[in-house]
Structure formats: structure tokens, C-alpha cells
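Contents: one structure, followed by commentary.
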Amino acid sequence: MSEIGLPVLAAILVWWLSTGLILYLDGLGRGSFRWSMAAASGLAGLALLAILLTAGSGTVAGAYIAFLAALTIWGWNEMAFLMGYLSGPRRTPCPPGTTGWLRFRYAAETLIDHELGILASAALIALASWGGVNPFALWTFAILWIMRLSTKINIFLGAPNIPDEFLPAHLGYLASYFSRRPMNGFFPFAITAAIVATALLAHLAVAAAPGSFERVGYVLLTTLMALAVLEHWLLYVPVSATKLWSWGLSSHRRGATESGSIPGPSLVSWSADLSRPCDARELGLVLDAVVVGAFGQVERLDGEARIHDGWLRFAVADGRASLDRITQMDTRQAR
């Protein structure tokens, strides 16, 4: 029984802990990101080495190591994305009224670097395990990639329970590419394919010899696939996934409270300096996104920004955005 129960418990525990840890580190603030990424990069390098060394290992330990190593490399990619090192060239909200393929293109531009990073990671894992008898690192990474891509498509097309609480403040613009709908046409096919794949992996686990590394490996994959199915359903059932990782999100809440950006029972204000000149068009797009609620409920926003040939005063109030040129700025600082 331990050859089934133990890998199931291990997969669930590692999935829960690793997700919470990444969320916690992401909430510590930009000052800690380089240290977190340095540590994660070191672990990812060791994980790739572990995959290389266990590629020819047909042991139970080899199955566990391959599974954990693939999760470590996946975690590096998730951290690089959430911390802003590997996202995409577009880092502004979706322009209001954008639909169809143009909206898809804009959304893809916010994530393309992340997807290419995942592709490169998959290629490295495939090379490290090439010609070996232990395929579980590559299959683990493939499940994570395919199911995460499916989740992204569902969120883009529309789902009722999008967990945008997981987005850090510096990626808040991504929320403008999400859609909230009761259902989309892709979900029934995606969830059916995922359930069938889970059943097939479970069949392979049961058919494998008792005590073999194949049984342990397939049980790990089956559990991971089942967790991915659960994450898909959480997009459609009225249950908040944030409760599972409230400890990981605690750093986000603490950081927001310290900066004064979390709304409480009374009105809270926040201000920051703009250190670089702004592009007037891009600033206008951001203001439009604020008006349509891409950044949550904003009662009022105002400030002054330097552009290449002068100054602009901008504001959002009473559901309208304004952007006006200032003829003379005196000595005030852009904010």
C-alpha cells in the first residue's frame, strides 16, 4: 500500500508546499527577488544534474528524484515569471475594446518570454534524460506545461472564478486580459481530455508490477494530473483557491499593508514618484484600464508625469480619465 499511498501523499505535499513557497517569496518585494532567483537558479541547476544522473536509474528512488527535479525546474520558471524576469515584451493593460485575434496577440505578447523559457527548460530536460530508462522527469514537466497552458486558455476565454489574487502588483496589468464568463467553449474539451489522461495514467500505475519504479512513477504522475484537474474545476466552482495557500499569500498582504495600498474600512491613499519619462499613449491606455476596473476599485487617481517634450497632468475620477498637457511645471516632482 505504501507504493501507492506514499507517492500520492508526496505529490500532494510537494505541490502544496512549492506553490505556497513561490507565492510567499513573490510577496517579499523586489528587493528580495534577486536573492530568491539566485537560490532558485542554483536549485534548478542541481535538479538538471539530478535528472542527468538518474536517467538510467530504474529504481523507486530514481522515480522520486526525477519527479522532484522536474518540479524544481518548473518552480524556477514560475518564479521568473511572477517576479517579472521572464514574462513578455508587452507590460501594459489590454486596450479597452480590443477583441478577437488582436486581443489574443496582445495577451500572447505578455507571456511569450515565459513560454519560451518553459520550452527551453523542456528541451534541457529531454536532453538530460535522452536514451535513459527513466522518463518521469520529462513527463512530469510535460503535464505541468500542458495543464498550465490549458488553464491560461480558459482564463483568457473566460471563467467565473479566476484567481487573480495570485497576481503580484507589478503584474496587475495581466488581469485586463482575463475574462469572467459562466463557461467557454474550450473548457468541456479540456476537462474531458484531462480526466481521460488521468484515468490512463492510473491504469498504467495499476498495471505496473508491485514495488516497481514504474508503479511509483505513474502514481506520482496520476496524482499530479488529478491535481491539475482539480485546479481546472476551481475555475468554475464557487470555492476560493486562495484558502489553500493563505500562508503563502500572507507576505503579499503584509507588503501591501506596509505600503498603504490595501483598502480597509476607511479610504487609503498611496503615492509614488515617477523616476522616468512616460509615453503619453501608454499612459492613456493605463488610465483607460483603470476606468474599466483592470486594477480593482480605484476611487481616484491623479498625478503629473514628464514626457519627452514637456509635462502631463493625469487623473481618473467619477469613472472618467483625463490627460492634459501642463505648460509650466515649476519645481514639482513627477508622481
Side-chain angles (χ1 to χ4, degrees), residues 19 22-23 26-27 78 81-82 84 87-88 90-112 114-115 145-195 227-246 248-249 252-253 256 261-264 284-301 316-321:
T19 302
I22 291 172
L23 290 173
D26 185 49
E78 289 296 283
F81 170 67
L82 289 173
S87 53
R90 177 171 288 272
R91 302 197 178 196
T92 55
C94 184
T98 305
T99 59
W101 283 106
L102 183 58
R103 178 171 171 263
F104 176 80
R105 194 192 85 184
Y106 287 165
E109 289 174 355
T110 67
L111 302 170
I112 187 62
H114 178 49
E115 295 300 327
W145 188 6
I146 293 170
M147 296 307 292
R148 181 53 58 86
L149 187 60
S150 175
T151 299
K152 291 175 181 176
I153 294 173
N154 272 285
I155 290 175
F156 173 79
L157 295 177
N161 194 28
I162 296 174
D164 47 12
E165 302 94 334
F166 291 159
L167 283 179
H170 56 271
L171 294 180
Y173 61 89
L174 290 176
S176 66
Y177 298 90
F178 301 163
S179 299
R180 294 189 184 275
R181 296 173 54 192
M183 179 63 68
N184 67 72
F186 175 72
F187 178 74
F189 298 98
I191 197 66
T192 300
I195 292 173
L227 291 170
V229 170
L230 172 63
E231 288 183 339
H232 272 59
W233 278 118
L234 286 175
L235 295 174
Y236 289 88
V237 298
V239 177
S240 177
T242 58
K243 294 181 179 178
L244 289 171
W245 294 285
S246 58
L249 292 170
H252 292 247
R253 292 190 292 270
S261 60
I262 262 194
L285 293 176
V286 172
L287 296 179
D288 290 339
V290 172
V291 170
V292 299
F295 300 99
Q297 183 178 357
V298 178
E299 297 290 342
R300 181 174 177 83
L301 180 149
V316 172
D318 300 324
R320 295 189 299 272

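Remember, it's a predicted structure, so these values are computed and weren't measured experimentally. We number each residue from 1, following the sequence as shown.
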Query raised in the report: Side chains of Phe81 and Leu111: closer than 4.5 Å at any heavy-atom pair?
Result: yes
Report task. Flag yes if more than 12 heavy atoms outside Phe156 fall under 6.0 Å of its CZ atom; otherwise flag no. Result -> yes
Query raised in the report: Side chains of Leu23 and Asp26: closer than 4.5 Å at any heavy-atom pair?
Result: no
**Report entry** Student check: side-chain heavy atoms of Arg103 and Pro95 closer than 4.5 Å
**Finding:** no
Query raised in the report: Can you tell me how far OG of Ser179 sits from CG of Asn154, rounded to the nearest 0.5 angstrom?
Result: 11.0 Å
Query raised in the report: Hey, are the side chains of His114 and Leu82 touching, using non-hydrogen atoms and a 4.5 Å cut-off?
Result: no
**Report entry** Validation row, ring centre Phe187 to ring centre Trp233 under 6.0 Å
**Finding:** yes
Query raised in the report: Which heavy atom in Gly185 sits nearest to a heavy atom in Pro188, and how many Å separate them?
Result: O-CD, 3.6 Å
Query raised in the report: Do Arg105 and Thr98 meet the criterion of a side-chain donor-acceptor pair at a distance under 3.5 Å?
Result: no
**Report entry** Where Met147 and Ala194 come nearest, the two heavy atoms and their spacing
**Finding:** CE-CB, 3.6 Å
**Report entry** Leu235, Leu234, Thr151 screened by side chain to side chain contact (heavy atoms under 4.5 Å, CB included) with Pro163, the one that passes
**Finding:** Leu235
Report summary line: CD1 of Ile155 to OG of Ser150, rounded to nearest 0.5 Å, is 10.0 Å
Query raised in the report: Between Tyr106 and Arg90, is there a cation-pi geometry (under 6.0 Å to ring centre, at most 45° from the normal)?
Result: yes
Query raised in the report: So, are Glu115 and Arg148 salt-bridged, with charged N and O less than 4.0 Å apart?
Result: no
**Report entry** Pairs touching residues 174-183 that satisfy salt bridge (Lys or Arg N to Asp or Glu O under 4.0 Å), sequence neighbours left out
**Finding:** Asp164-Arg180
Query - Derivation and outcome, side chain to side chain contact (heavy atoms under 4.5 Å, CB included), residues Thr110 and Thr92 - result: CA-CA 8 Å; Thr110 67; Thr92 55; over 6 Å; no
Report task. Indicate yes or no: at least one non-hydrogen side-chain atom of Leu157 is less than 4.5 angstrom from one of Phe178. Result -> no
Requested in this report: Hey, could you give me the CZ/CD1 distance between Phe189 and Ile153, rounded to the nearest 0.5 Å?
Outcome: 13.5 Å
Query raised in the report: Of all heavy-atom pairs between Ser87 and Arg91, which one has the smallest distance, and what is that distance?
Result: OG-NH2, 3.0 Å
Requested in this report: Check for a donor-acceptor pair, side chain of Asn161 on one end and backbone N or O of Tyr236 on the other, with a separation under 3.5 Å.
Outcome: no
Report task. Find the distance between OG1 (Thr19) and CZ (Phe166) and round it off to the nearest 0.5 Å. Result -> 8.0 Å
Query raised in the report: Quick one: are Pro93 and Tyr177 in side-chain contact, heavy atoms under 4.5 Å?
Result: no
